[in-house]
Amino acid sequence: MKRSLRFWTRYTWESMAVLLGAMAALAVISLLGADREQMADFAAQLPYLLCASAIFGMMMINTGAQTLYIPLLLSMGETRRNVLLGFRYYQALILAVTIGLCGLIWLLVPGELSSLGLRSLPFILCVLVVVSSMGSIMGTLFVRWKWLGTLIIILLCGGAGGLIGITSATALNGGFSAAEVVKLAGYLVKTPWWLVLIALGTLAADVLFQWVLLRRREVKL
């Protein structure tokens with residue numbers, strides 16, 4: 001189990017490097033079209049760029065983990081139980097680090113936008129749980145039924161890619177004004193009960209589905 005935890009811990013830091021790199025790229029694009037008013041609130045907007053990167057990044061990373069790294073661990077003699085627990089450890093750790101970085105930035109940068117951001121952390125966490133679980137489900141579906149997994153990958157990645165595209169296009173066209181950003185952030189303050197149920201449901205489906213397929217998966221050397 002210790003070997004599995006070491007592997008998934010390293011995998012988490014490597015994944016976070018990818019997410020932070022994507023956030024930096026979005027930040028550079030945002031700065032190109034920012035005016036003086038937007039520059040003043042730019043630091044408080046960084047967590048939203050990180051979340052946009054995490055939405056697309058975790059979907060791809062979790063899918064890749066199911067299709068590549070989990071079969072590799074099984075072929076190296078890791079037990080199915082340890083693989084399941086190790087992946088859940090990685091999933092919880094990367095979510096905790098992402099939410100922690102968002103909260104830390106907002107704590108260090110005072111202002112109305114940061115205050116709204118801190119209050120919207122439960123909403124953001126629910127969204128990231130759904131995305132992380134759906135990425136994992138896509139991977140397990142692709143391993144078992146490639147056509148179905150491919151269809152879901154196309155649909156979800158198309159939506160996530162559209163989100164990144166809209167974010168980049170908006171940034172290049174001058175971005176949202178400070179008042180618009182505050183207004184948009186205000187919508188995230190209240191976490192609806194249905195979103196919590198969706199997050200819990202997708203996570204439960206992800207764990208159950210992965211375990212069922214892990215028990216039946218053959219190890220290919």
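Using a 4.5 Å heavy-atom threshold, the side chains of Arg80 and Val83 count as separate. Leu50 is not listed as a side-chain neighbour of Ile105, based on a closest heavy-atom distance of 4.5 Å or more. The side-chain heavy atoms of Leu203 and Gln91, taken from C-beta on, include a pair separated by under 4.5 Å. Cys102 has its side chain out of reach of Ile124: every pair of non-hydrogen atoms, C-beta onward, lies at least 4.5 Å apart. Inter-residue side-chain proximity for Tyr90 and Ile61 is flagged as met; some heavy-atom pair is nearer than 4.5 Å. With a 4.5 Å cut-off on side-chain heavy atoms, Met134 and Asp206 do not count as touching. When side chains are defined from C-beta on, Leu214 counts as touching Ile70, because their heavy atoms get closer than 4.5 Å.
Minimum interatomic distance between Gly135 and Thr63 (heavy atoms only, all atoms of both residues): O-OG1, 3.0 Å. Across all their heavy atoms, Val129 and Ala199 have their closest contact at CG1-O, 3.7 Å. Considering all non-hydrogen atoms of both residues, Leu46 and Ala27 come closest at CD2-CB, 4.0 Å. Closest approach of Ala44 to Leu113, counting heavy atoms only: CB-CD2, 3.7 Å. The heavy-atom pair separating Ala43 from Val109 by the smallest distance is CB-CG2, 3.9 Å.
Cluster membership for Val196 and Ile198, using ILVMFWY side-chain heavy atoms within less than 4.5 angstrom, is not shared. When hydrophobic clusters are built by joining Ile, Leu, Val, Met, Phe, Trp and Tyr residues whose side-chain heavy atoms come closer than 4.5 Å, directly or via intermediates, Leu200 is not grouped with Val127.
Taken from OG in Ser133 to CE in Met59, the straight-line distance is 10.5 Å, to the nearest 0.5 Å. We find the OG-CE distance between Ser53 and Met58 to be 10.5 Å, quoted to the nearest 0.5 Å. Rounding to the nearest 0.5 angstrom, the gap separating the CG atom in Leu104 from the CD1 atom in Ile99 is 12.5 Å. Annotation: the span from Ile94 atom CD1 to Thr9 atom OG1 amounts to 11.5 Å, rounded to 0.5 Å. Summarising the geometry, atom CG belonging to Leu121 is positioned 11.0 Å from atom SG belonging to Cys126; distances are rounded to the nearest 0.5 Å. Atom CZ of residue Arg88 and atom CG of residue Leu84 lie 6.0 Å apart, to the nearest 0.5 angstrom.
Taking the six-membered ring where tryptophan is involved, the planes of Tyr11 and Trp8 are perpendicular, since the angle between them exceeds 60° and thus also 30°.
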task: Evaluate the criterion side-chain contact (heavy atoms from CB on, under 4.5 Å) for residue pair Val18 and Met60; output intermediate values, then yes/no.
output: CA-CA 11 Å; Val18 174; Met60 293 292 92; over 6 Å; no
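Checking Gln210 against Thr140 by side-chain atom types alone, no donor-acceptor pair falls below 3.5 Å. If you check the side chains of Ser132 and Asn62, you find a donor sitting under 3.5 Å from an acceptor.
Counting heavy-atom neighbours within 6.0 Å of Tyr69 OH, excluding the residue itself, gives a total of 12 or less.
For Tyr48 and Trp106, the ring centers sit closer than 6.0 Å to each other.
Not a single donor-acceptor pair under 3.5 Å links the side chain of Ser120 to the backbone N or O of Phe123.
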